[in-house]
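What follows is a set of notes on a single structure, which appears directly below.
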Amino acid sequence: MPERRIRFSRGFAAWYAGGALLLLGMALWLYLMGDYSRIPLPAALFLLMLVATLLSATREEPSRLAAYLALICGYLLIAVELPLQSGLPALWVGLPPVLTLLLLPLGPAMLLNLALTPVWLSLLGNGELDRPMLLSYLTLVIVAALVPWEQVRQHALLRATDPRDPECPAVERDTLHERLLSEAERASLLEQPLAVLLVHLPQLEMAGEQFGAQARQALLNGFCQAVDRCCREHDILGREGPGDFWLVLPDTTESGALLVQQRLDQVVAQTTLVETGQMQVRRRLCRPRLGESWQRFEQRLQAVSQSLADG
Amino acid sequence: MQTKYKVGLLRGNLLLAALLLATLALATTALTEALLLWLAATWLAITALLLAFNHRRPATVPWQLLPGLLLAALLWLEPGQHITWLWAWAVLVMLPQPRWLLLLEALLAVTTWWPLRDLLGLEQWALTGLLLAALMLLGLSRALDLRALRQQTLQRARLVPGLPLWPGTRLSRDLAVERARSHRQGVHAELLLLHTPRHRCWTLAHRLCRLTHRFEPCYRLDATTLAVILTSRGRREAEARRQALWHHLEIRGPGRATALPDLVSLDNERQALARQAAGLQTSGEAVDA
């Protein structure tokens with residue numbers, strides 16, 4: 001996942017760099033043409049784009065500030081240069097909203113586009129209201145927004161349907177509860193035992209605060225690998241909270257579960273990470289009591305998980 | 001199921017877009033353009049009404065082709081009047097879509113930009129082309145992000161939020177896990193493959209998920225095949241459950257059950273299902289007959 005983000009951010013950085021080069025080219029062109037009064041704008045914007053390039057090249061996340069800087073450059077260039085061009089205003093009025101939609105997330109982009117409607121129309125229509133142009137501008141803004149909407153929808157859909165936690169290979173919370181319920185149902189129907197091992201990682205919060213996201217990720221990965229080494233393929237590791245994990249052990253008797261717990265202790269004791277040192281876990285074993293309803297069992301699990309987190 | 005995504009807002013945006021396109025259609029005088037705009041408006045309005053929150057996709061022709069073709073037709077017919085729409089190409093490449101469609105869209109963008117030379121004059125024409133190319137690259141880089149995420153996730157994501165309906169890619173791994181597990185527990189597990197009519201596949205999938213136990217995962221292998229792993233205490237109970245399930249689902253096509261220990265490979269079973277006549281068969285019986 002982080003690799004993907006870095007590649008994504010580099011793509012943006014390359015794009016900003018391209019924009020900066022274009023602006024530099026424009027300034028040189030104006031210099032060669034002897035049009036000295038128009039040079040300061042592209043020269044200044046070139047510097048802004050350079051800042052945007054550096055901002056997005058040095059960060060892992062796509063930088064919002066860089067996007068705004070690029071947007072300001074685009075706006076200024078369009079606003080100053082367009083009235084000079086004698087061409088079709090209908091062509092150029094479509095450029096700023098599309099640029100906004102491409103650079104910003106949907107919400108801010110729509111606000112900005114709608115708020116700037118009078119600005120673009122008066123700039124390009126020489127102060128008079130051009131009805132057809134207003135209509136086509138608004139239609140473009142509204143229709144083009146459907147594409148980012150589709151992206152938002154796809155993102156939400158992926159998040160809602162992905163059984164995995166976004167940060168580690170464990171199962172995410174809703175799926176965990178669903179799997180726990182289904183395993184409890186299976187255990188009662190087939191008369192099989194069931195055990196749940198509750199684990200809390202006390203170092204996780206501290207690792208994130210003191211050593212940054214990478215140390216936190218390393219801790220999560222190390223823990224998931226440790227669990228992976230000491231459980232079977234149909235055991236379910238789920239993430240109940242940021243540092244709280246539930247390991248659901250279907251068809252496992254108490255002695256079997258104690259064995260898993262012991263193995264986990266051994267593996268964890270052997271795991272030492274560079275920044276956080278030896279990995280620590282707090283864990284407790286829970287089994288459904290005779291005649292206990294599933295809801296009561298789940299509530300008990302949550303209470304025990306909470307008490308583990310509190311120390 | 002909590003999602004931060006607001007269906008109502010998207011539906012509103014779709015309807016508003018349809019309305020604006022209809023207004024634009026009323027304002028144009030030429031018949032073909034008005035027809036194109038009406039078509040677009042109707043499409044958006046219908047989409048707004050049919051909007052569903054699942055991974056349902058049309059099988060053969062991707063819908064992303066339609067907006068691309070509409071846009072191209074509009075720009076070819078009357079570039080002077082609808083030239084504002086030229087920039088929409090940059091947004092259109094942001095859609096999640098197959099690679100060949102991206103290439104086609106790039107090609108269409110070039111063919112709509114090329115004839116503008118007379119209209120714009122050489123200098124502005126070149127500038128427009130350059131800017132459009134840059135914006136399309138930006139749109140593409142935004143699309144790539146989602147594309148990578150989709151490719152990773154679609155293999156393992158459920159097909160409908162909140163429903164234990166999984167893609168067929170998971171089945172072979174789950175079969176191996178379930179086979180080992182049921183063998184150790186001494187319970188009877190079987191794979192049931194169902195052939196459904198294309199138009200009833202999703203409704204039957206929903207019904208299948210409701211009729212089976214929560215711990216029995218359902219799979220959609222392709223547009224006409226559903227699969228489920230049934231777990232029962234013994235062979236006799238499995239037989240009864242299978243018959244009841246078959247009765248409640250009201251499928252008239254072929255169906256095929258195989259006990260997991262007898263299963264050779266999933267592909268074999270699917271081929272056998274394709275050759276088989278309508279009705280429910282178990283693979284053991286087929287060997288006897």
Side-chain angles (χ1 to χ4, degrees), chain A residues 4 7-8 11-12 15 18-19 22 62 85 87-88 90-91 93-95 97-99 101-103 132-133 135-140 142-164 174 178 181-183 185-186 189-192 233-234 250-251, chain B residues 1 3-5 10 13-14 16-17 20-21 23-24 27 44 53-55 82-88 90-92 94-96 119-121 124 128 130-131 134-135 137-139 141-142 144-146 148-150 153 156-161 164 177 180-181 184-185 187 213-215 231 233:
Chain A
R4 184 177 61 77
R7 208 183 54 199
F8 177 50
F12 266 92
W15 195 81
L22 272 182
Q85 308 271 354
L88 286 163
L91 172 66
V93 80
L95 184 56
V98 168
L99 186 67
L101 275 176
L102 287 175
L103 282 172
M133 200 151 88
L135 184 61
S136 54
Y137 177 88
L138 282 181
T139 317
L140 179 69
I142 299 292
V143 173
L146 290 174
V147 176
W149 258 120
E150 173 64 15
Q151 280 205 325
V152 171
R153 195 179 88 94
Q154 291 283 348
H155 258 293
L157 194 54
L158 287 178
R159 209 166 313 133
T161 54
D162 190 359
R164 252 179 62 174
D174 287 337
E178 190 193 311
L181 175 62
S182 75
E183 286 305 332
E185 194 179 312
R186 180 177 174 137
L189 265 175
L190 303 178
E191 290 155 14
Q192 303 278 351
E233 204 162 2
H234 63 264
D251 24 289
Chain B
M1 199 86 254
T3 51
K4 292 190 187 92
Y5 150 81
L10 172 54
N13 196 338
L14 274 166
L16 190 61
L20 279 169
L21 281 174
T23 325
L24 211 59
L44 289 182
F53 194 54
N54 64 19
H55 285 299
H82 299 292
I83 198 160
T84 319
W85 289 95
L86 184 68
W87 307 108
V91 186
L92 212 56
M94 264 166 73
L95 278 177
L119 195 72
L120 293 175
Q124 281 203 36
T128 310
L130 204 64
L131 284 174
L135 287 182
L137 275 180
L138 187 61
S141 69
R142 278 197 65 167
L144 286 181
D145 177 46
L146 183 63
L149 186 67
R150 261 170 74 89
T153 314
R156 57 166 193 259
R158 50 181 93 215
L159 296 174
V160 181
V177 173
R181 188 175 169 185
R184 209 183 37 244
Q185 285 186 330
V187 294
H213 288 305
R214 243 182 271 261
F215 54 84
T231 311
R233 257 174 294 193

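First the proteins, then the strands, lettered A, B, ... as listed; each starts at 1.
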Which distance, rounded to the nearest 0.5 Å, do you find between the NE2 of B:H213 and the CG of A:L190? 8.0 Å

Where A:V143 and B:A17 come nearest, the two heavy atoms and their spacing: CG2-CB, 3.8 Å

Contacting moiety of A:E185, where chain B heavy atoms sit under 4.5 Å: both

Do you know which of B:L14, B:L137, B:I83 has the most heavy-atom pairs with chain A at a distance under 4.5 angstrom? B:I83

For the backbone of A:L102 and the side chain of B:R142, can you confirm whether one donor and one acceptor N or O come within less than 3.5 Å of each other? yes

Highest number of heavy-atom pairs under 4.5 Å with chain B: which of A:G19, A:A145, A:P163, A:S136? A:P163

Is the count of non-hydrogen atoms from other residues, nucleotides or ligands lying under 6.0 Å from B:R156 atom CZ greater than 12? yes

Taking only Lys NZ, Arg NE, NH1 and NH2, and the carboxylate oxygens of Asp or Glu, determine whether B:R184 and A:D251 approach each other closer than 4.0 Å. yes

Note: vs chain B, highest number of non-hydrogen pairs under 4.5 angstrom among A:P97, A:P132, A:G18, A:P148 is A:P148

At a heavy-atom separation under 4.5 Å, does A:Q192 approach chain B through its side chain, its backbone, both, or neither? side chain

Go through the steps to decide whether A:L91 and B:L119 satisfy the test side-chain contact (heavy atoms from CB on, under 4.5 Å), and finish with yes or no. CA-CA 11 Å; A:L91 172 66; B:L119 195 72; over 6 Å; no

Check each atom of A:L22 against the heavy atoms of chain B and say whether the ones under 4.5 Å are side chain, backbone, both or neither. side chain

Gap between atom OG1 of B:T231 and atom CZ of A:R186 - 0.5 Å precision: 4.5 Å

Going by an N to O cut-off under 4.0 Å, is there a salt bridge joining B:R181 and A:E183? yes

Pick one of side chain, backbone, both or neither for B:L86, based on which atoms fall under 4.5 Å of a heavy atom in chain A. side chain

Ion pair A:E191/B:R233, N-O distance below 4.0 Å: yes

Would you give the length of the straight line joining atom CZ of A:R159 to atom OG1 of B:T153, rounded to the nearest 0.5 angstrom? 10.5 Å

In sequence, state the C-alpha distance, the side-chain angles, and the governing distance for B:W87 and A:L99, and then conclude on side-chain contact (heavy atoms from CB on, under 4.5 Å). CA-CA 9 Å; B:W87 307 108; A:L99 186 67; over 6 Å; no

Of the listed A:H155, A:H234, A:E178, the one with the largest count of heavy-atom pairs under 4.5 Å with chain B is A:H234

Donor-acceptor pair, A:Q151 side chain versus B:M94 backbone, under 3.5 Å? yes

How many angstroms lie between atom OG1 of B:T84 and atom CG of A:L95, to the nearest 0.5 angstrom? 11.0 Å

How long is the straight-line distance from CG of A:L158 back to CZ of B:R150, given to the nearest 0.5 Å? 6.5 Å

So how far is it from A:T161 OG1 to B:L159 CG, rounded to the nearest 0.5 Å? 8.0 Å

Check step by step if side-chain contact (heavy atoms from CB on, under 4.5 Å) holds for B:L138 and A:L103. CA-CA 8 Å; B:L138 187 61; A:L103 282 172; 3.8 Å; yes

Residue pair A:F12, B:S141: steps toward the side-chain contact (heavy atoms from CB on, under 4.5 Å) verdict: CA-CA 7 Å; A:F12 266 92; B:S141 69; 4.0 Å; yes

Mind ranking B:A180, B:A134, B:G139 by heavy-atom pairs under 4.5 Å with chain A and telling me who comes out on top? B:A134

Taking all heavy atoms of A:V98 and all of B:A90, pick out the closest pair and write down the distance. CG1-CB, 4.0 Å

Close side-chain approach of A:L146 and B:N13, heavy atoms under 4.5 Å: yes

